[in-house]
Amino acid sequence: MGEALRHLDTYGSEPDAVVLAEALARFLVARCESHHAGWRVVRQVVVDSAADAPWEKCARRAVPQVAADLLDLSAQEGRTPLHRAQHLAARRRAEKIAGHLDHAAVLTDLGLEPAVVDEDRWREAIGGAVVARSREQVSQAIARSLGAC
């Protein structure tokens with residue numbers, strides 16, 4: 001994995017770099033389940049809210065964005081560490097799920113005041129919550145993002 005990221009960092013501007021970026025993206029999106037604690041906590045919050053999210057469909061839809069993110073990172077100076085690439089995959093995966101959630105139900109379940117939230121702010125809030133390591137931290141992250149704190 002590290003070697004593939006280094007290769008992408010070095011040759012990201014080559015025409016066939018897209019193929020490697022997409023393969024890495026598929027791997028990283030799938031790997032969220034076992035290697036990103038923040039994603040697992042956000043996923044559990046979604047499951048607890050009784051949302052019927054299309055998990056695999058959203059994961060597949062996150063792959064092109066993650067691939068684009070990896071190519072963008074490869075264009076920047078320096079190396080792309082695995083943990084940063086994994087975090088991007090978790091964030092994009094959470095953002096894709098956000099559109100399938102009932103805002104009020106999730107906010108109420110987290111002990112927050114239900115509010116009318118536009119789709120962009122909601123997507124950003126759920127994506128930003130993958131930094132959390134507990135349900136309480138997810139609640140705090142979403143509250144901060146939505147300006148409820």
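These numbers were taken from a predicted model, which means no experiment stands behind them. Values below: all heavy atoms of this structure, side chains included; hydrogens, waters and symmetry mates excluded.
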Does the side chain of [X] reach to within under 4.5 Å of the side chain of [Y], using non-hydrogen atoms?
X	Y	answer
Leu28	Leu82	yes
His100	Cys58	yes
Gln65	Lys96	yes
Val45	Ile126	no
Tyr11	Leu20	no

If you group Ile, Leu, Val, Met, Phe, Trp and Tyr by side-chain heavy-atom gaps below 4.5 Å, do [X] and [Y] land in one group?
X	Y	answer
Leu146	Val130	yes
Trp122	Val41	yes
Val29	Val18	yes

Kindly give the heavy-atom pair with the smallest separation between [X] and [Y], and that separation in Å.
X	Y	answer
Ala129	Ile142	CB-CG1, 4.1 Å
Gly99	Glu119	CA-OE1, 4.1 Å
His87	His36	ND1-NE2, 3.2 Å
Gly12	Leu71	O-CD2, 3.8 Å
Leu70	Leu24	CD1-CB, 3.8 Å
Ala53	Ile97	CB-CD1, 3.9 Å

May I have the list of side-chain donor-acceptor pairs in residues 103-118 shorter than 3.5 Å, sequence neighbours left out?
{"residue": "Thr108", "atom": "OG1", "partner": "Ala104", "partner atom": "O", "Å": "2.8"}
{"residue": "Asp109", "atom": "OD2", "partner": "Arg135", "partner atom": "NH2", "Å": "2.6"}
{"residue": "Asp118", "atom": "OD1", "partner": "Asp120", "partner atom": "N", "Å": "3.0"}
{"residue": "Asp118", "atom": "OD1", "partner": "Arg121", "partner atom": "N", "Å": "2.8"}

Using a 3.5 Å cut-off and no angle test, enumerate the donor-acceptor pairs between side-chain atoms of residues 1-9 and protein atoms at least two apart in sequence or in another chain.
{"residue": "Arg6", "atom": "NH1", "partner": "Gly2", "partner atom": "O", "Å": "3.4"}
{"residue": "Asp9", "atom": "OD1", "partner": "Thr80", "partner atom": "OG1", "Å": "2.8"}
{"residue": "Asp9", "atom": "OD2", "partner": "Thr80", "partner atom": "N", "Å": "2.7"}

Practice item. Could you tell me the separation between the SG atom of Cys32 and the CZ atom of Arg43, rounded to the nearest 0.5 Å? Key: 10.5 Å
Check your understanding: Just wondering, more than 12 heavy atoms not from Gln44 lying within 6.0 Å of its CD?
Key -> yes
Exercise for review: Measure from NZ or CZ of Arg93 to the centre of the six-membered ring of Trp55 and say whether it is under 6.0 Å with the direction within 45° of the ring axis.
Suggested key: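 Ring-cation test returns no.
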Practice item. Write out all pairs satisfying salt bridge (charged side-chain N to carboxylate O under 4.0 Å, His left out) with one or both partners inside residues 55-84, taking only residues at least two apart or from two chains. Key: Asp69-Arg92
